[in-house]
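The sequence lines fix the lettering, A, B, ..., with proteins before strands; numbering per chain opens at 1. No hydrogens, no waters, no symmetry mates; every other heavy atom, side chains included, goes into these values.
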Amino acid sequence: MSLVIIYIFMILAILAAIFALECRRLMFSIIGLIAMNLFLWVLLLTLNAMFLAWIQLIVYGGGFTALFVVVVALTEKQRDESFDWKRSVIALVIVAILMGIAIWGVIDSDLSITFGTSTIGESLRALWTERLTDLILQAVVFFATSIGIGSLFIHHKKKHKEETKA
Amino acid sequence: MIEQFHLLILGIVLFGVGLYALLGKRNLIKILMGIEIMTIAVNVVFIALGANIANATFTRFAQIFPLISIAIGAAVLAVGLAIAINNYRHAHSVDTDEMATLKR
């Protein structure tokens, strides 16, 4: 995998995590969590951690997602309205300080071990020839889960509309 | 070529995102999502540190610790979500400020 593709997946994983936490609708938050797991799954595959990648996809992308969907459906709280500016700003400041210290420590430690292939064409060719089945399976899992969660969401919305009408 | 510390920075940023949810959110489900993101971040750091040797044996060893962490994460999530449902039954809310009603 080339550096560009890995960086894209890293940024997408971070954005998906932020989306999962900041989205008001809890069902969409769960979809963000699945997306983050899928991007990290690709990253783990590139690091040759095949076993852990599959375990993580099955446990996080499957089991945990199902648990979250069941709890959101049971609690019937489809929206998270409890946003507190003061609390969020304080949390952001604390997190920024801690992250700054940690990143400074990592950069200062002079870790410069490299792995992976070098060019984009090479990595895309490797992805196409070696990981095609994995990618197809990933797409199927992602679409099936998204369609399942989406249909649950639509069903709940219809039910809520009928209840408000009644 | 990817540098090892780029992956460590990814782990740190993901850990920070999870920590932000833990400190800044009041919704119990979001907090549990934050805890899961933190667990995933630690797993990424484990793998990043384990993948630095060309010999695949060390990478295999490095995958064992994240497996334990995933198992513990599953237990934590199950208990946390059970508490969330219990809290909703008592207080009709998943807000952490309403959790005092569980004591009654």
Exercise for review: Locate the shortest heavy-atom distance separating B:M33 from A:S29; write the atom from each residue and the value.
Suggested key: CE-CB, 3.7 Å
Check your understanding: Hey, mind stepping through B:N43 and A:L44 against side-chain contact (heavy atoms from CB on, under 4.5 Å) and telling me if it holds?
Key -> CA-CA 10 Å; B:N43 292 349; A:L44 288 179; over 6 Å; no
Revision key, fill the gap. Looking only at heavy atoms, the pair that brings A:S88 and B:G24 closest together is OG-O, 3.9 Å
Point to revise | Non-hydrogen atoms of B:L7 and A:M10 that approach each other most closely | key: CD2-CE, 3.6 Å
Revision key, fill the gap. Correct closest heavy-atom pair for A:L21 and B:G34 would be CD2-N, 4.1 Å
Point to revise | B:L32, part contacting chain A, at a heavy-atom distance under 4.5 Å | key: both
Exercise for review: Dump the intermediate steps for side-chain contact (heavy atoms from CB on, under 4.5 Å) on A:Q56 and B:I40, then the final yes or no.
Suggested key: CA-CA 9 Å; A:Q56 177 156 342; B:I40 292 169; 3.5 Å; yes
Check your understanding: Is there a side-chain contact between B:L10 and A:L40, using heavy atoms and a 4.5 Å cut-off?
Key -> yes
Review point. So which of B:A84, B:A71, B:A74 has the largest heavy-atom pair count under 4.5 angstrom toward chain A?
Key: B:A74
Review point. Would you say A:L43 and B:V44 make side-chain contact, with heavy atoms under 4.5 Å?
Key: no
Practice item. Select, from B:I9, B:L22, B:L77, the one with the greatest count of heavy-atom pairs under 4.5 Å involving chain A. Key: B:L77
Study note, to complete from the structure: From the list B:L14, B:V17, B:I37, side chain to side chain contact (heavy atoms under 4.5 Å, CB included) with A:I18 holds only for B:V17
Practice item. Answer with yes or no whether the hydrophobic clustering places B:M38 together with B:I72; edges join I, L, V, M, F, W, Y residues whose side-chain heavy atoms lie under 4.5 Å apart. Key: yes
Exercise for review: With a 4.5 angstrom heavy-atom cut-off, could you sort out which part of A:I94 is near chain B: side chain, backbone, both or neither?
Suggested key: side chain
Check your understanding: Roughly how far apart are B:L23 CG and A:I90 CD1, rounded to 0.5 Å?
Key -> 10.0 Å
Review point. Non-hydrogen atoms of chain B under 4.5 Å away: do they reach the side chain of A:I103, the backbone, both or neither?
Key: both
Point to revise | Note, B:L67 side chain near A:F51 side chain (heavy atom, < 4.5 Å) | key: yes
Check your understanding: What's the verdict on side-chain contact (heavy atoms from CB on, under 4.5 Å) for B:I85 and A:V70, showing C-alpha distance, side-chain angles and the deciding distance?
Key -> CA-CA 10 Å; B:I85 292 176; A:V70 167; 5.6 Å; no
**Study point:** Neighbours of chain B found in residues 61-69 of chain A - heavy atoms under 4.5 Å
**Key:** A:F64, A:L67, A:F68
Study note, to complete from the structure: Taken in chain and number order and not counting sequence neighbours, the residues that satisfy salt bridge (Lys or Arg N to Asp or Glu O under 4.0 Å) with B:R89 are none
Review point. How many angstroms lie between CG in A:L52 and CD1 in B:I47, if you round to the nearest 0.5 Å?
Key: 4.5 Å
Point to revise | Same apolar cluster (I L V M F W Y, side chains within < 4.5 Å links), A:F19/A:V42 | key: yes
Review point. How far apart are the closest heavy atoms of B:Y88 and A:L74, and which atoms are they?
Key: CE2-O, 4.0 Å
Review point. Are A:E22 and B:K30 within salt-bridge range, i.e. N to O under 4.0 Å?
Key: no
